[in-house]
Amino acid sequence: MSNPAVSSSSIIGHLDLDAFFAAVEQLERPELATVPLVVGGDPQGRGVVATANYEARRFGVRSAMSCAEALRRCPHAVFLRPDHARYRRVSRTVWEAVREVVPTVERTGLDEGYLQLEEVAADVREARAVGEAVQAAVRGATGLTCSLGIASTKVVAKVASDRRKPGGLVVVLPGREAAFLAPLDVRVLPGVGPRSAERLRAAGIERAGALAALDDDALTAVLPGKIGRLLRDRARGIDARRLELASENVSISQEETFARDVSDRERLHDELRGMAVRLAERLARGRQVARTVSTKLRYPDFSTRTRSTTLPVGTDDAARIGELACTLLERALAERPGALRLVGVTVSKLETAVQLTFVEP
DNA sequence: TCTGGGGTCCTCCGCCTG
DNA sequence: TCTGCAGGCGGAGGACCC
């Protein structure tokens, strides 16, 4: 199927570092390379797996699985807590090396991002050589391996980068996007999560090709609204998104899951005030103020509530944010009392802080 | 299985206003 | 003055991603 939404000159690469957190740990301690390694929370507590190395994945350990379950599946695994500061440092080195080969990149996380390849390659076939140069540059600078997908759109490049991990390089030729995606499980498409996948499966749609072939009526019945059209486009390999080279935060948040559910109001208020202080510091560092403050509550049954309020004028005052967060907490607890497993605060509607200068008359 | 933390985006509903 | 309607906005919740 040809893709009219994509210009023939568009060549996008998606780079994904293989089992990044675990790989960084293995760099420092090479003996970990041959044993199952899980980076994440406390296996005795409520943490989840952030990354597992390929040895641990052989035992069925996966990202986002609870650490307790990972321990059951692989009792002899080594469990490490994540060291984000170190991962950020290594990530910086990686992206500096990538930019030596491809100057224009969009980082979408510490361990992944898109590369604008048409600047450095005349066609998709030439882009393969550039991709190999990127992989060599990353390996040379850090010792890490990465997987690459190259295609005419972001969605196809991203799916392609995941097809031959670790260390793979998959090129999808222009015009072959839909055929490449068609036999794959709908779940590999970015945007299809557990809920959408379940709805599609209930309608007998398991492969991207079946989703791509749905007419408007059938699509509306399964996945109504914008989301349905977006996901069908993606299943067809259509994706108008270009590289975004800079973006500003829409919101900033802090939250914490307690080791044991908490019902003590003073303790909950203290947590919220502490979060408000940290959020206020981040706002001040970014010279920003926030107009909306939201409080998030999660009950032991995992049901989640948020309550928010919007101010006429933005604030970066920790006491004010903390006070609003506590008031919202009380409102939510009045509606549904009970112990909580998590509380959080989000500030949004961020604006640039205006410095007021008062002039003596 | 028993589910983190920090984000973004979308949808729906109710209220207010012209 | 009342009613109906459309649009904007705030609030809430859901789904998803890394």
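Keep in mind that this is a model prediction, so the values were computed, not measured. Just so we're on the same page: letters track the sequence lines, and every chain starts at 1.
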Tell me whether the OP1 or OP2 atom of B:dG5 has a side-chain N or O from A:Gln254 closer than 4.0 Å.
no

Candidates C:dC16, C:dG13, B:dG5 - which lies nearest the side chain of A:Arg305
C:dG13

Under 4.0 angstrom, heavy atoms only, what part of the nucleic acid is A:Arg199 near: base, sugar-phosphate, or nothing?
nothing

Suppose you measure atom P in B:dT1 against the same atom in C:dC18; what distance do you get, rounded to whole Å?
26 Å

Salt-bridged, A:Lys154 to A:Glu106, with N to O below 4.0 Å?
yes

Pick base, sugar-phosphate or nothing for A:Arg282, based on heavy-atom distances below 4.0 Å to the nucleic acid.
sugar-phosphate

Need one value for A:Arg81: base, sugar-phosphate or nothing, where a base atom within 4.0 Å counts as base even if backbone is also close, heavy atoms only.
nothing

Is A:Thr306 near enough to C:dA12 that one of its side-chain N or O atoms lies under 4.0 angstrom from OP1 or OP2?
no

Looking at A:Glu69 and A:Arg73, does any basic side-chain N land under 4.0 Å from a carboxylate oxygen?
yes

For A:Arg278, does the CZ atom have more than 12 heavy-atom neighbours from other residues, nucleotides or ligands under 6.0 Å away?
yes

Spacing of A:Glu335 atom CD relative to C:dG11 atom P, expressed in whole Å:
14 Å

CZ of A:Arg341 versus C1' of B:dT3: gap in Å, rounded?
7 Å

So A:Val250, base contact, sugar-phosphate only, or nothing? Heavy-atom distance under 4.0 Å.
sugar-phosphate

Taking only N and O in the side chain of A:Ser251, is any of them less than 4.0 Å away from OP1 or OP2 of B:dT8?
yes

Salt-bridge present (A:Asp261, A:Arg46; N to O < 4.0 Å):
yes

Does A:Ser63 reach a base, just sugar-phosphate, or nothing at all? Heavy atoms under 4.0 Å.
nothing

Between C:dG14 atom C1' and A:Ile227 atom CD1, what is the distance in whole Å?
10 Å

More than 12 non-hydrogen atoms from neighbouring residues, nucleotides or ligands closer than 6.0 Å to CZ on A:Arg99, yes or no?
yes

May I ask you to say what A:Gly191 touches in the nucleic acid, namely base, sugar-phosphate or nothing, with a heavy-atom cut-off under 4.0 Å?
sugar-phosphate

Would you mind telling me which residue lines up with the more 5' stretch of DNA chain B, A:Ile252 or A:Arg72, judged by nearest nucleotide?
A:Arg72

Judged by nearest nucleotide, the residue sitting upstream toward the 5' end of DNA chain B, A:Gly45 or A:Gly225, is A:Gly45

By nearest atom, which of the nucleotides B:dT3, C:dC18, B:dG5 is closest to the A:Val48 side chain?
B:dT3

Shortest side-chain distance from A:Ser253, nucleotide among B:dG4, B:dG6, C:dA15
B:dG6

Would you classify A:Lys349 as touching base, sugar-phosphate or nothing, given that sugar-phosphate means primed atoms plus P, OP1 and OP2, and contacts are heavy atoms under 4.0 Å?
sugar-phosphate

Just to confirm, is there a sub-4.0 Å distance from OP1 or OP2 of C:dC16 to any side-chain nitrogen or oxygen of A:Ser196?
yes

Quick one: is B:dG4 close enough that its OP1 or OP2 comes under 4.0 Å of any side-chain N or O from A:Arg298?
yes

What nucleotide among B:dT1, B:dC10, B:dG6 has an atom nearest to a side-chain atom of A:Lys226?
B:dC10

Can a cation-pi geometry be assigned to A:Arg341 and A:Tyr299, taking NZ or CZ under 6.0 Å from the six-membered ring centre and within 45° of the ring axis?
no

Just the rounded figure in Å: distance from P of C:dG10 to CG of A:Leu311.
11 Å

Using atom CG of A:Leu279 as one end and atom C1' of B:dG5 as the other, report the distance to the nearest whole Å.
13 Å

Which nucleotide wins on minimum distance to the side chain of A:Arg291, given the candidates C:dG13, B:dG4, C:dG10?
C:dG10

B:dT3 P sits how many Å from A:Arg73 CZ, rounded?
14 Å

Is A:Asp239 salt-bridged to A:Lys158, cutoff N-O under 4.0 Å?
no

So does A:Arg46 get a side-chain nitrogen or oxygen closer than 4.0 Å to the phosphate oxygens (OP1/OP2) of B:dG4?
no

So A:Arg62, base contact, sugar-phosphate only, or nothing? Heavy-atom distance under 4.0 Å.
nothing

May I ask you to decide if A:His14's main-chain N or O and A:Glu112's side chain share a donor-acceptor pair within less than 3.5 Å?
no

If I take atom CE in residue A:Met275 and atom P in nucleotide B:dG5, what distance separates them, rounded to the nearest angstrom?
8 Å

C:dG10 phosphate, OP1 or OP2, under 4.0 Å from A:Thr310 side-chain N/O
no

Please give, in whole Å, the distance from C:dG14 C1' to A:Lys296 NZ?
11 Å

Stacking here means centres under 5.5 Å and planes under 30°; does A:Phe302 stack on B:dT3?
yes

Using a cut-off of 4.0 Å on non-hydrogen atoms, how would the nucleic acid contact of A:Thr292 be classed: base, sugar-phosphate, or nothing?
nothing

Could you check A:Thr304 against A:Leu110 and say which one's nearest nucleotide on DNA chain C is further toward the 5' end?
A:Thr304

Looking across every strand, which nucleic acid part, if any, lies under 4.0 Å from A:Leu342 by heavy atom: base, sugar-phosphate, or nothing?
sugar-phosphate

